[in-house]
Protein chains: 2
Amino acid sequence: MPKRTDLSATFCPVGRSAELLGDRAVLLILRDLFFGNRRFEVIAANTGLGPQLVSARLKLLESEGVVERRAYQERPVRYEYWLTDKGKDLFDVLYAMRGWAERWAYREGETGGGPAMRYIHRACGTDVGTAMVCPGCGEPLGYGDLKGEPSAALKAEQARRRSN
Amino acid sequence: MPKRTDLSATFCPVGRSAELLGDRAVLLILRDLFFGNRRFEVIAANTGLGPQLVSARLKLLESEGVVERRAYQERPVRYEYWLTDKGKDLFDVLYAMRGWAERWAYREGETGGGPAMRYIHRACGTDVGTAMVCPGCGEPLGYGDLKGEPSAALKAEQARRRSN
DNA sequence: ATAGTAACTATGATAATCATAGTGACAAGG
DNA sequence: CCTTGTCACTATGATTATCATAGTTACTAT
């Protein structure tokens, strides 16, 4: 590509978000970070992205203040990537993407009945489906309020990726 | 790029959404469609994307069932692009992106005080800020429930784009 | 001394993107 | 009827991001 148009100066908020989020690699890496995968190799394996792309995007996310790089051991130095508050606040976007896909992107019965990823409201135990507000207790749903459970098919896929 | 990795077969719902939404051009075009811009030239001008990219992405969106192409006149035949139900259901994603940007992507005072884009809950008249649930009446917010009002800065930017 | 692990960097082929220009079908004005 | 204008695109060529693959660094473990 040529240098892509810079959207960071537009006044449109969707444009500004698109500058960062309009990129499949960024979205996949964020997904993994929300899932709790913080190590370079795990992220690379699970996203299926090459190490160079993962490296470039993690640097970008760090420079945007979305991700923080922390050494989890010295000798040899090894790093983990953690979501900052600004990063955690992207949960709504990823959760909305997940909801849309659950409603529209699967063929009938493809996931074996339920959703590809189930979310339970920790506070009241309700399966929230794809709602933005808990259908059980009416509370708005954010990161930390929900417990995700991948379907059997998704679990199998992740295990396969990790073993390659 | 080489042919990008196909995510349409993954079981992860975020991956499936990222297949379509992990693309700045798609996000910008969707933004315009939600804004009510339905004509090719208007979308091209307002997004700043070249006609070839706009053409390619509209075809993609149509083939995904997110957008519908309708002739609005014969002789000469001219087309408009409308969001389908599947397309309108992406509102949550764009709205979440907008919310995140409003909270994190502007320097202090850059928009002249308020948000870059204000949303009013039609049902009760409350300015919803960046909430997913109306702070006035507690109702969940979806496409059609909200009336958007661009800030002066955003309006000026759009006018500038249209005149080029 | 060899093998292994984690986190990367280097290289070259491929293909998506951008800017710019051009096309087809028609309407309106002089 | 001939030029100009509008809308919705398509064509072309240069640029550059992406992918696959291989290599590097800095250690630990056996």
Side-chain angles (χ1 to χ4, degrees), chain A residues 1-7 10 15 18-29 32-33 37-63 67-82 161-164, chain B residues 1-7 10 15 18-29 32-33 37-63 67-82 161-164:
Chain A
M1 314 165 183
K3 83 187 131 227
R4 50 194 192 180
T5 44
D6 182 27
L7 298 173
T10 182
E19 174 77 17
L20 182 67
L21 300 177
D23 181 294
R24 44 209 300 117
V26 164
L27 292 175
L28 292 176
I29 290 170
D32 267 44
L33 292 170
N37 298 330
R38 306 184 221 285
R39 308 255 170 115
F40 189 95
E41 295 283 298
V42 174
I43 293 170
N46 205 47
T47 57
L49 301 168
Q52 191 162 148
L53 234 199
V54 175
S55 173
R57 287 305 182 274
L58 285 172
K59 280 197 176 87
L60 172 66
L61 289 166
E62 200 189 351
S63 78
V67 150
E68 202 185 14
R69 191 176 183 244
R70 294 187 201 162
Y72 66 89
Q73 65 172 40
E74 309 292 333
R75 330 195 44 80
V77 199
R78 290 291 144 78
Y79 299 100
E80 281 182 339
Y81 295 89
W82 290 75
R161 286 181 175 285
R162 202 146 318 168
S163 68
N164 287 349
Chain B
M1 316 166 182
K3 86 187 128 223
R4 50 195 194 179
T5 43
D6 183 27
L7 299 172
T10 182
E19 174 77 18
L20 182 66
L21 301 176
D23 180 294
R24 44 208 302 116
V26 165
L27 292 174
L28 293 176
I29 290 170
D32 267 44
L33 292 170
N37 299 329
R38 305 182 221 287
R39 307 258 170 112
F40 189 96
E41 295 283 297
V42 174
I43 292 170
N46 206 48
T47 57
L49 301 168
Q52 192 163 145
L53 234 198
V54 175
S55 173
R57 288 304 182 272
L58 285 172
K59 281 198 176 86
L60 172 66
L61 289 166
E62 200 189 352
S63 78
V67 151
E68 201 184 13
R69 191 179 185 242
R70 293 188 202 162
Y72 66 90
Q73 65 171 41
E74 308 294 331
R75 330 193 46 79
V77 199
R78 291 289 145 78
Y79 299 99
E80 282 181 339
Y81 296 89
W82 291 75
R161 286 180 175 285
R162 202 146 318 169
S163 69
N164 287 348

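Since we're looking at a predicted model, the values are computed, not measured. In what follows, chains carry the letters A, B, and so on, assigned in the order in which the sequence lines appear, proteins first and then strands, with residues in each chain numbered from 1.
Between the base of dA6(C) and the side chain of R78(A) there is a donor-acceptor pair shorter than 3.5 Å. No donor-acceptor contact under 3.5 Å links the side chain of Q52(A) to the base of dT21(D).
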Just list the side-chain donor-acceptor pairs under 3.5 Å for residues 73-80 of chain A, sequence neighbours left out, or say none.
| from | atom 1 | to | atom 2 | distance (Å) |
| --- | --- | --- | --- | --- |
| Q73(A) | NE2 | P76(A) | O | 3.0 |
| E80(A) | OE1 | W82(A) | NE1 | 3.3 |
| E80(A) | OE2 | R39(A) | NE | 2.8 |
| E80(A) | OE2 | R39(A) | NH2 | 3.0 |

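When rounded to the nearest whole Å, the span between CD of E74(A) and P of dT28(D) equals 12 Å. Rounded to whole Å, atom P of dA7(C) lies 11 Å from atom CG of L58(A). Atom P of nucleotide dC9(D) and atom CD of E80(B) are separated by 11 Å, given to the nearest angstrom. Distance Y72(B) OH to dC9(D) C1': 12 Å, rounded to the nearest Å. Protein atom CG of L53(A) is 16 Å distant from nucleotide atom P of dA10(C), rounded to whole Å. Rounded to whole Å, the distance from CG on L49(A) to P on dT18(D) is 10 Å. To the nearest angstrom, P of dC7(D) lies 16 Å from CZ of R69(B). The separation between E41(A) atom CD and dT24(D) atom P is 17 Å, rounded to whole Å.
Proximity of Y81(A) to the phosphate of dA6(C): no side-chain N or O atom is located under 4.0 Å from OP1 or OP2. For S55(A) and dA7(C), the shortest distance from a side-chain N or O to OP1 or OP2 is not below 4.0 Å. In this structure, R57(B) reaches the dT17(C) phosphate: one of its side-chain N or O atoms is under 4.0 Å from OP1 or OP2. Dashed line: the shortest gap from a side-chain N or O of K59(A) to OP1 or OP2 of dA7(C) is not under 4.0 Å.
In this structure, I43(B) and L28(B) have side chains that are not in contact, with every pair of non-hydrogen atoms separated by 4.5 Å or more. In this structure, the side chains of D23(B) and L60(B) stay at 4.5 Å or more apart for every pair of heavy atoms.
Of all heavy-atom pairs between L20(A) and V26(A), the closest is O-CG1, 3.4 Å.
Of the inter-residue distances, the one linking L21(A) atom CG with R24(B) atom CZ reads 10.5 Å to the nearest 0.5 angstrom.
Residue contacts shown for R75(B) are limited to sugar-phosphate atoms, with no base heavy atom under 4.0 Å away. Using a 4.0 Å heavy-atom distance criterion, F40(A) is classed as a base contact.
Set against dT18(D), dA8(D), dT20(C), the side chain of R39(B) has dA8(D) as its closest nucleotide.
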